[in-house]
Trainee: 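If you scroll down you'll find the structure; I have some questions about it.
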Number of protein chains: 2
Amino acid sequence: MIERHVPVTKRLIRAQDALYTCGSPFETLHLINSGIFKIVSLASDGRERSADFVFDGDWLGFDGIPSGQHTCTAVALDIGEVWAVRYDSLMQAAAKDPSLLHQVLAAISAQLARNRDIALAIGTLSAEARVADFLLMWARSLAERGRRTDEINVHMSRSEMGAFLGIRLESVSRALAKLARSGVISFNERGRRDISIPCLSALSRFVRSETEPEDRLLQ
Amino acid sequence: MIERHVPVTKRLIRAQDALYTCGSPFETLHLINSGIFKIVSLASDGRERSADFVFDGDWLGFDGIPSGQHTCTAVALDIGEVWAVRYDSLMQAAAKDPSLLHQVLAAISAQLARNRDIALAIGTLSAEARVADFLLMWARSLAERGRRTDEINVHMSRSEMGAFLGIRLESVSRALAKLARSGVISFNERGRRDISIPCLSALSRFVRSETEPEDRLLQ
DNA sequence: CGTAAATTTGATACGTTTCAACCCTCGTGG
DNA sequence: CCACGAGGGTTGAAACGTATCAAATTTACG
């Protein structure tokens with residue numbers, strides 16, 4: 001529906017392509033039509049972290065607004081299509097349409113809330129619980145978009161998952177192995193990136209059980 | 001300058017008071033005039049984390065935009081004054097003034113970028129480096145506002161610092177002790193929350209030295 | 001001044017990283 | 001067709017860092 005308000009340019013993206021990179025000039029926002037992208041933030045000393053993974057319906061590029069330059073990099077995990085919208089055109093359209101304005105503000109704010117949730121997980125959960133929580137978030141993202149959640153494909157390496165969760169790839173592998181052993185997930189025959197989640201609430205319960213090993217003293 | 005565009009209500013806040021809490025209805029944004037606030041996010045299972053600490057000039061409350069309810073709590077660390085602005089009034093004003101619109105967007109986006117930086121630190125640094133990085137961020141926040149950075153007061157307990165950095169209060173205490181021992185910081189006689197940073201770049205170098213213990217083999 | 005809260009410090013337990021070996025899949029070229 | 005190498009994944013053992021628990025000390029405050 002955004003194309004009714006502002007001119008959009010559709011753009012096909014191949015896997016591994018960067019939509020924009022840290023330091024590049026900011027002029028356009030991108031609305032993801034299909035595909036999955038990872039946002040990578042980079043410190044001046046070389047430290048790197050995947051800040052987020054985003055799906056169709058999500059906006060990309062807000063980070064360039066304050067300075068006119070992007071402060072992170074967006075890379076496609078597989079082929080996808082984005083709709084590019086010039087920031088100034090969008091602002092002009094939003095100024096004339098309160099509902100569009102609210103939509104844009106809500107989109108940015110939702111990213112803020114999401115980042116807070118991620119940071120909460122990274123700051124308070126064990127490595128194993130982080131991996132479980134990540135799978136849960138991934139499945140919920142798919143659910144919001146009406147896709148199946150019992151068989152998911154994470155589209156990324158253990159190393160990329162670790163860079164997101166703040167743990168090493170070996171720890172990711174061990175955590176997944178343990179989750180599989182305990183039966184809350186299982187690996188698909190297609191490959192180790194295809195994961196079956198027979199019961200989402202079992203996975204959710206697993207995260208909770210990791211966080212509350214407390215006063216079970218009184219039964 | 002915001003009061004030239006929209007009606008603002010000035011509101012005095014006492015230390016420990018919550019400006020809004022998780023779940024409360026969202027109608028107004030707050031521009032901090034003075035004081036320091038912490039943003040606390042809370043998970044359904046009771047896990048808690050200080051998502052951010054914000055100063056005068058920062059906006060508070062964007063998190064309520066998508067759903068109309070706040071998703072985190074804002075608590076004053078000491079007395080302060082905020083300017084309350086109704087969200088709908090601000091949107092009406094922004095629709096008429098492109099520069100104001102851009103300002104608001106830039107403010108939200110800046111929070112996004114800041115949260116990414118924090119998450120990068122928490123995901124990639126050791127406990128000690130996180131504490132050092134935190135002091136550095138705090139000093140820079142003060143510097144942006146024209147305040148002195150050689151004598152800072154963190155206005156919070158070790159426990160609150162730990163809740164922000166994803167580590168225990170004991171680790172915060174040990175990290176600060178080590179920083180003091182190595183001379184990059186020192187404690188003021190006023191109390192353990194008053195910290196002297198004789199040289200910001202020494203502190204900055206300390207963070208870097210923690211992150212690059214690499215190929216120093218060839219001298 | 002006395003009590004509660006905050007902070008520091010130590011000893012130990014635990015979890016994650018590190019380093020290494022090994023396995024598997026896949027594409028390439030002999 | 002199979003040998004080969006590269007990249008991703010798994011697993012083990014040891015080293016390291018942080019959490020945990022406990023105690024001592026300092027600070028805040030009615």
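Numbered from 1 within each chain, the chains take letters A, B, ... in sequence-line order.
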Trainee: For the residue pair F26(B) and Y87(B), does the interplanar ring angle fall in the parallel (under 30°), tilted (30 to 60°) or perpendicular (over 60°) class?
Mentor: tilted
Trainee: In whole Å, I'd like the distance from the CD1 atom of I195(A) to the P atom of dG9(D).
Mentor: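 Checked: the CD1 to P distance equals 10 Å.
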Trainee: Can you say whether a donor on the side chain of R174(B) sits under 3.5 Å from an acceptor on the base of dG10(C), or the other way round?
Mentor: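 Such a pair is found, so the answer is yes.
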Trainee: Tell me: CD1 of I122(A) to C1' of dT16(C), nearest whole Å?
Mentor: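 Checked: the CD1 to C1' distance equals 15 Å.
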Trainee: Whole Å only: how far is the CZ atom of R158(A) from the C1' atom of dT17(C)?
Mentor: 18 Å
Trainee: Quick check for you: to the nearest 0.5 Å, what is the distance between H155(A) atom NE2 and E160(A) atom CD?
Mentor: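 H155(A) NE2 to E160(A) CD: 11.5 Å, rounded to 0.5 Å.
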Trainee: Would you list the protein and nucleotides 22-30 of chain D atom pairs, both N or O, that sit under 3.5 Å from each other?
Mentor:
none

Trainee: With side-chain contact (heavy atoms from CB on, under 4.5 Å) as the criterion, how do M156(B) and F53(B) come out once you've worked through the C-alpha distance, each side chain's angles and the decisive distance to 0.1 Å?
Mentor: CA-CA 10 Å; M156(B) 77 189 75; F53(B) 295 98; 3.5 Å; yes
Trainee: Determine whether I39(B) and L60(B) satisfy the following criterion, side-chain contact (heavy atoms from CB on, under 4.5 Å), listing intermediate values before the conclusion.
Mentor: CA-CA 9 Å; I39(B) 315 293; L60(B) 229 32; 3.4 Å; yes
Trainee: Just the table, please: protein N/O against nucleotides 16-18 of chain D N/O, every pair under 3.5 Å.
Mentor:
from	atom 1	to	atom 2	distance (Å)
dT18(D)	OP1	A127(B)	N	2.6

Trainee: Whole-Å distance between dT8(C) P and K178(B) NZ?
Mentor: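 Result: 16 Å.
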Trainee: Keeping N33(A) on the side-chain end and W83(A) on the backbone end, is there a donor-acceptor pair under 3.5 Å?
Mentor: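 Not confirmed, N33(A) side chain does not pair with W83(A) backbone.
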Trainee: Applying side-chain contact (heavy atoms from CB on, under 4.5 Å) to D52(B) and I118(B), what does each step give before you reach the verdict?
Mentor: CA-CA 8 Å; D52(B) 205 355; I118(B) 293 167; 3.7 Å; yes
Trainee: Can you tell me the distance, in whole Å, between the CG atom of L169(B) and the P atom of dT9(C)?
Mentor: 13 Å
Trainee: Below 4.0 angstrom, N of the basic side chain to O of the carboxylate: do D133(A) and R47(B) qualify?
Mentor: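 No, D133(A) and R47(B) are not salt-bridged.
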Trainee: Among side-chain atoms of R208(B) and S44(A), is any donor-acceptor pair under 3.5 angstrom?
Mentor: yes
Trainee: Determine the contact category for R193(B): base if any of its heavy atoms lies under 4.0 Å from a base atom, sugar-phosphate if only primed atoms, P, OP1 or OP2 are that close, otherwise nothing.
Mentor: sugar-phosphate
Trainee: Relative to the ring of H30(A), is the ring of Y20(A) parallel (under 30°), tilted (30 to 60°) or perpendicular (over 60°)?
Mentor: parallel
Trainee: By nearest heavy atom, map M156(B) and V172(A) onto DNA chain C; which one lands nearer the 5' end?
Mentor: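 Final value for this comparison: M156(B).
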